Amino acid sequence: MHTMRHRKNTLLIAGATAATLLLAACGGNGDSSDNGGDAAGGGEGKTMRLALNQTEEHPSYIALDNFGTYLEENTDGWSIDVFPNETLGAQAEALQLVSDGSVDMAIVSGTQLENLHEDFVVFNLPRVFDDVEHQMNVIHDPEITGDLYSVLEDSNSITVLGGFTQGARSTYQTFGPVESPEDFAGQKIRVQESELHIAMAEALGGAGTPMAYGELYTGLQSGVVDAAENNEVSYYTQRHYEVAPYWSYTNHLVGLDYMIINTDLLESMSDEDRAAFDEGWTAAHEEHTQLWAEATQEAIEGAQAGGAEFNEVDDAAFAEALEALAEEFITTDSQQALYDAARAAAN
Ligand code: GCU
């Protein structure tokens with residue numbers, strides 16, 4: 001399916017310029033609106049380019065690749081070519097490319113969408129979701145998310161379809177284990193590009209340094225940052241345990257990845273193909289959730305075999321430190337309504 005070998009070393013070809021070159025090499029740029037755009041929405045499909053920042057071993061790649069196969073078998077010519085490892089750019093670039101229509105779909109973290117619309121901040125808060133099951137119930141409940149998922153359509157031509165869990169995120173350090181927020185004093189914690197998460201790093205006791213995912217291995221190795229926070233699957237598949245071998249279970253939030261698609265492209269699908277697309281997507285996120293627990297276990301074992309050490313922390317101290325963030329970052333009625341709906345769905 002791929003005409004080009006995806007590179008493991010994304011540093012060489014990350015970024016918007018490289019993405020443009022790659023798109024040209026793949027035979028076209030910005031052609032999504034040429035496909036199936038007749039008034040009845042009954043055109044033939046296309047192979048959609050999907051930007052992902054994970055490796056081919058990651059559950060997101062596996063579920064998305066299977067989603068593509070499902071589309072090939074059940075639609076009139078639609079399929080997905082998943083580009084892993086930031087080969088179409090880091091998430092901030094991918095977001096822009098989907099908005100332009102030069103990339104069709106992407107998986108982007110909730111933190112990226114927070115930068116386009118303030119309502120997305122709610123699901124990026126520490127402790128808004130109790131666990132993966134609670135999160136998946138909330139984010140795939142149209143009564144809760146209906147308005148949120150279409151809020152970027154007019155402004156950015158981006159439709160949100162739902163998402164994949166990032167699981168529980170904890171911190172990991174180059175310098176040693178942490179047990180309470182005091183242990184982060186004077187340490188730089190890499191966070192995603194989000195105001196909320198910069199504030200979260202401070203609440204955890206350190207200083208937040210925003211950085212793209214693909215730069216983090218080098219960031220930790222060179223000492224630009226002293227710590228990071230993620231799930232075990234990313235810790236292992238990105239090999240961060242090699243340079244930051246102390247994992248501390250802060251469990252500060254259950255992270256969320258959104259599936260986004262260019263709105264014009266989505267609207268160009270025939271009714272039949274759209275129905276199959278929705279079915280395939282539901283199967284994909286359900287498969288992802290199933291793969292997640294096993295991948296997490298494998299990641300813990302793999303990282304341990306590679307020398308990583310895992311420790312428990314003072315939960316109460318971190319919980320107290322994080323408590324004020326919800327109040328600080330929920331400032332509108334619409335955010336409050338989303339927050340209340342999410343909390344009401346908890347057990
Ligand atoms: C997780 C998540 C990614 C995100 C990354 C990060 O791996 O699935 O979407 O980009 O964390 O911390 O940047």
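In each ligand, atom 1 is the first atom listed, and ligand 1 is the first ligand listed. On a predicted model such as this, the values are computed, not experimentally measured, just so you know.
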In terms of residue, atom name and distance, what is the protein heavy atom nearest to atom 1 (C) of ligand 1? Asn230 OD1, 3.4 Å
If I take atom CD1 from residue Ile261 and atom CD from residue Glu267, how far apart are they, to the nearest 0.5 angstrom? 10.5 Å
Nearest option to atom 8 (O) of ligand 1, as decided by whichever heavy atom of Asp257, Thr165, Asn53 sits closest: Asp257
Does either side chain, that of Thr263 or that of Thr159, offer a donor lying less than 3.5 Å from an acceptor on the other one? yes
One residue to check: Thr111. Relative to ligand 1, which of side chain, backbone, both or neither has a non-hydrogen atom less than 4.0 Å away? neither
For residues Phe329 and Glu118, determine if any side-chain heavy atom of one lies less than 4.5 Å from a side-chain heavy atom of the other. no
So the atoms of ligand 1 within less than 4.0 Å of a heavy atom of Gln54 turn out to be 1 (C), 2 (C), 3 (C), 7 (O), 8 (O)
Side-chain contact, heavy-atom cut-off 4.5 Å: Trp78 with Lys46? yes
Counting each atom of ligand 1 from 1 as listed, which ones have a heavy atom of Ser234 under 4.0 Å away? 1 (C), 7 (O)
Is the Phe129 ring parallel, tilted or perpendicular to the His134 ring (thresholds 30°, 60°)? perpendicular
Run the numbers on Tyr235 and His240 for ring-ring contact (aromatic ring centres under 6.0 Å, His included), then give the verdict. CA-CA 5 Å; Tyr235 185 52; His240 292 165; 7.3 Å; no
Which one of Gln166, Glu86, Arg190, Glu229 has a non-hydrogen atom at the shortest distance from atom 12 (O) of ligand 1? Arg190
Can you tell me if Arg169 contacts ligand 1 (heavy atom of the residue under 4.0 Å from the ligand)? yes
